[in-house]
Trainee: 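The structure under discussion is supplied below as structure tokens; questions concerning it will follow.
Proteins get letters first, then strands, A, B, ... in listed order; numbering begins at 1 in each.
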Protein chains: 4
Amino acid sequence: MSATMSTPKSSAETRRAERKEKRREELVDAALRVFSRVGFATAKMEDVAVEAGTSKGTVYLYFDSKEHLFEEMVKAKMLPLFVEAEAELAVDVGSAEERLKAHVKFFYKKILNSDRRQIMRLIMAEGPNFPHLAEFYHANILSRGQAMMTAIIEEGVEKGEFRALSGHGLAQNVFAGALLAAMWKLIFDPYQPLDLDAYYETHVDLVLNGLKAT
Amino acid sequence: MSATMSTPKSSAETRRAERKEKRREELVDAALRVFSRVGFATAKMEDVAVEAGTSKGTVYLYFDSKEHLFEEMVKAKMLPLFVEAEAELAVDVGSAEERLKAHVKFFYKKILNSDRRQIMRLIMAEGPNFPHLAEFYHANILSRGQAMMTAIIEEGVEKGEFRALSGHGLAQNVFAGALLAAMWKLIFDPYQPLDLDAYYETHVDLVLNGLKAT
Amino acid sequence: MSATMSTPKSSAETRRAERKEKRREELVDAALRVFSRVGFATAKMEDVAVEAGTSKGTVYLYFDSKEHLFEEMVKAKMLPLFVEAEAELAVDVGSAEERLKAHVKFFYKKILNSDRRQIMRLIMAEGPNFPHLAEFYHANILSRGQAMMTAIIEEGVEKGEFRALSGHGLAQNVFAGALLAAMWKLIFDPYQPLDLDAYYETHVDLVLNGLKAT
Amino acid sequence: MSATMSTPKSSAETRRAERKEKRREELVDAALRVFSRVGFATAKMEDVAVEAGTSKGTVYLYFDSKEHLFEEMVKAKMLPLFVEAEAELAVDVGSAEERLKAHVKFFYKKILNSDRRQIMRLIMAEGPNFPHLAEFYHANILSRGQAMMTAIIEEGVEKGEFRALSGHGLAQNVFAGALLAAMWKLIFDPYQPLDLDAYYETHVDLVLNGLKAT
DNA sequence: TATGAATGAGAGTTCATTCAT
DNA sequence: AATGAATGAACTCTCATTCAT
């Protein structure tokens, strides 16, 4: 901030750094599109480059290898979700039922209805070849989502809204319908279209009834 | 070709045909193992050959291409399921609840606890690259399973055991927990093990309670 | 040798094995030519293939990598030399002077006047990048050559033909003129041609005089 | 441009020119180190830049291409040698034997015991790919060294110190031991260390005895 | 029928060189 | 003068597929 010299220099540096960050994002977006289209192994680095409007060599200025690009893309696309989720959902008001609905709806809106459902599929597809990524995904996405859902269910049980079920895999079962919907939309929709809104109603209806104290 | 000659000849022919059928099965088994391990794109035809105890060239005597091998493998592994399923489950006795449980249990036993869960994953992974196969899978596996489950639910509703829920995606939601379990075992088990038996109890408990008339 | 079955089979196998060995030799020869022309780093595997009359992929059926090809080529070209050398030179007759001359002449004839002088240059050029190969070359070529020369000199000293010089590097110094000649022929000959025969005379004259007892 | 202005301006110009010359030297030094380490083809321009403490682009402000950098480096490192050599050795005193010893010793001291032995190796390695450089090296280094040595030998013959040998390649043979030592130190020293001082004694002893009149 | 040597298109990656800042 | 982001030609290595034996 010493007025004379640093401002112009750092403004030029800043511009360059911003441009670089923007490029990285463009590449990540392009990578998601290309990997979604054809899967990891079949995707060509050149396709990613073209999709991002650059050249092959440029991709390697930002990512060491195809593997790295894939992992970084998953991270870049999924991590911001929890900032949003925690902002939108952390409010501790309403019944457990309302909070559970809000969580599931958030999931449908932010993942099932967006590019991100492709990431779920890619994790299913490539997980075994990317143990490192599977571990990351479990640690940063799945267990956090699971923890949020588990907290809501326990709260519901305490408040007397929900029955006390045997716990193993309960949170997963609550979300399971959404995983199926994601896969169905991506793979079988042409043969038997799935109406996400109607499906959502069924999903929530079934699960809430299943949880409720009689 | 005259009648008198046909007996010995056809016995030789039979033996040859049997040998051929056996080879085909060995190749299909090998293909499942190899594709499961590394996915379609990464799998090498030579690996399949070695896994089956033959040589590269031989695989091409039985399957035109890698794509064909993959599709044939999925078909060969999944179709027999419905012969079994229809034999074991078609009996029209017991409550809808009992029949639903039997169906879900069959799914856990025959798919989740076997190599076949890998096929489910492969369909998720490769579906978009194999529309033909996705269509086949939907027509022959998914809609048939769906139909069986839908019939049971409708029966339960008629008998007054189950509530009448909004139908869109109901059968899928009933199975969804099983899809999630399959994927979890294959990908995240090392990081958070899933006990299939306990998970099954949760799954069925949640779903049946969700379905039941209050 | 059980007459009926094995002969035709093993003859087919033999033919195939022979063809394979021949291919390998063709590739080694081609590799020597190509590496000699442009050096290791600049050489293209495809050039080697074309030079050998095959295709790129074939080279990799015989050698794992460019590095392996290079190392195997050096070994294949240099090792047979010592079979020859030991056959031709091991005879324990004549004066030390005669034996020394025979050794040096063998070196000129078999290395300096053949493709093999290129290998010497390649070792100089690539040695630091191929420590494994440098070690091999030292162990199998240099120290064996050195040992033969040292034995002759010691014999000469015992017989009173030669003086007793300080030993460090003596064998190397006796050969050094030949190394220089090899390099010169390969690099500076266009600018100042070197007549190998005349050079040989000077080399031997200087060295023998240097060794002789006064 | 008027006389009055020129002093301050030319001092600024001078400083700039000096700075430029210094940069060039730093780049040449860096180039020698990098090329020595990995050879011409494997060396990266960026490595040279980093080694010199600048950036990739800067190298191109001083040298048109990698080839030019290499050639200029060889010239810059070898040419000054003859200024020194002529200063140190031109003195026409002493016996031919003493002068020959001085020359060989100079070679050991200034080349074998310094970075320059790497240049010798690089010329062996890359000569065929750089005919222009090989020619330069021959014209400016080799023939000048050869001329000096030849003069000494002829002087020794005239004085009756040395025999009259057949001349072809005599000067080269006198130096050859040093070439071998340079290569050995660079390549085989780890496997069989070479003591340069002891080797030098052997070299000179052998050669002088070889030359001496009996 | 079975084999495995041969092919060559194709993909990941590198790096000399350029050029806008 | 100096920088370093961008480019794209070029190269190594892989593997589905073919075919002579």
Trainee: Would you say B/Ser55 reaches E/dT3's phosphate, i.e. side-chain N/O to OP1/OP2 under 4.0 Å?
Mentor: yes

Trainee: Assuming nearest nucleotide by heavy-atom distance, tell me which of B/Thr58 and A/Met45 is located more 5' along DNA chain E.
Mentor: B/Thr58

Trainee: Once you round it to whole Å, what is the distance between P of E/dA11 and CD of A/Glu46?
Mentor: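 Atom-to-atom, A/Glu46 to E/dA11, this comes out as 9 Å.
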
Trainee: Taking only Watson-Crick and G-U wobble pairs with both distances under 3.5 Å, what dot-bracket line describes DNA chain E, where [ ] shows pairs that cross earlier ones and | shows pairs with another strand?
Mentor: .||||||||||||||||||||

Trainee: Need to verify one output field. Residue with the more 5' nearest nucleotide on DNA chain F, A/Arg19 or C/Phe40?
Mentor: A/Arg19

Trainee: In whole Å, I'd like the distance from the CG atom of C/Leu61 to the P atom of E/dG8.
Mentor: 13 Å

Trainee: Starting at the 5' end of DNA chain F and moving along, which residue's nearest nucleotide shows up first, A/Gly57 or B/Ser65?
Mentor: A/Gly57

Trainee: Would you mind reading off the distance between C/Asp64 atom CG and F/dT14 atom P, rounded to a whole angstrom?
Mentor: 8 Å

Trainee: Which side-chain hydrogen bond (donor to acceptor under 3.5 Å, both in side chains) pairs, counting each pair once, include a residue from residues 39-48 of chain A, with sequence neighbours left out?
Mentor: none

Trainee: Within the structure shown, what part of the strands sits under 4.0 Å from D/Ala43 by heavy-atom distance: base, sugar-phosphate, or nothing?
Mentor: sugar-phosphate

Trainee: Between P on F/dA1 and CD on D/Glu26, what's the gap in Å once rounded to a whole number?
Mentor: 15 Å

Trainee: Rounded off to whole Å, could you give me the CZ-to-P distance for the D/Phe70 and E/dA16 pair?
Mentor: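 Answer to the nearest Å: 14 Å.
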
Trainee: When you check the phosphate oxygens OP1 and OP2 of F/dC19, does a side-chain N or O of B/Tyr60 lie under 4.0 Å from one of them?
Mentor: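 Negative; the distance criterion is not met.
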
Trainee: Just how far, in rounded Å, is P of E/dA5 from CZ of C/Phe63?
Mentor: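 From C/Phe63 CZ to E/dA5 P: 14 Å.
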
Trainee: So, OP1 or OP2 of E/dA5: does either fall under 4.0 Å of a side-chain N or O from C/Lys20?
Mentor: yes

Trainee: Could you grab the distance from atom CD1 of B/Ile119 to atom CZ of B/Arg121, nearest 0.5 Å is fine?
Mentor: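 The distance works out to 11.5 Å.
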
Trainee: On DNA chain E, check which nucleotide each of A/Lys56 and B/Gly53 is closest to and give me the residue with the more 5' one.
Mentor: B/Gly53

Trainee: So does A/Arg23 get a side-chain nitrogen or oxygen closer than 4.0 Å to the phosphate oxygens (OP1/OP2) of F/dA6?
Mentor: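 Result: yes.
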
Trainee: Would you call the rings of C/Phe40 and C/Phe130 parallel, tilted or perpendicular if under 30° counts as parallel and over 60° as perpendicular?
Mentor: perpendicular

Trainee: Is there a side-chain contact between B/His132 and B/Glu67 in this structure, where contact means two heavy atoms from C-beta onward sitting under 4.5 Å apart?
Mentor: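 No - every pair of side-chain heavy atoms lies 4.5 Å or more apart.
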
Trainee: Whole-Å distance between E/dA11 P and A/Glu67 CD?
Mentor: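 Going from A/Glu67 (CD) to E/dA11 (P), I get 16 Å.
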
Trainee: Quick one: CZ on C/Arg33 to CE on C/Met73, what's the gap to the nearest 0.5 Å?
Mentor: 11.0 Å

Trainee: Can you tell whether the side chains of D/Arg23 and D/Glu26 come within less than 4.0 Å, N to carboxylate O?
Mentor: yes

Trainee: To the nearest Å, give me how far apart NE2 (A/His68) and P (E/dT13) are.
Mentor: 10 Å

Trainee: Is any side-chain heavy atom of C/Phe136 closer than 4.5 Å to a side-chain heavy atom of C/Ile123?
Mentor: no

Trainee: At less than 4.0 Å, is any side-chain N or O atom of B/Tyr62 found next to OP1 or OP2 of E/dT1? Yes or no.
Mentor: no

Trainee: Ignoring backbone atoms, test whether C/Lys66 places a side-chain nitrogen or oxygen under 4.0 Å from the OP1 or OP2 oxygen of F/dT12.
Mentor: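 Yes, within the criterion.
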
Trainee: Distance from A/Ile187 atom CD1 to B/Glu135 atom CD, nearest 0.5 Å?
Mentor: 14.0 Å

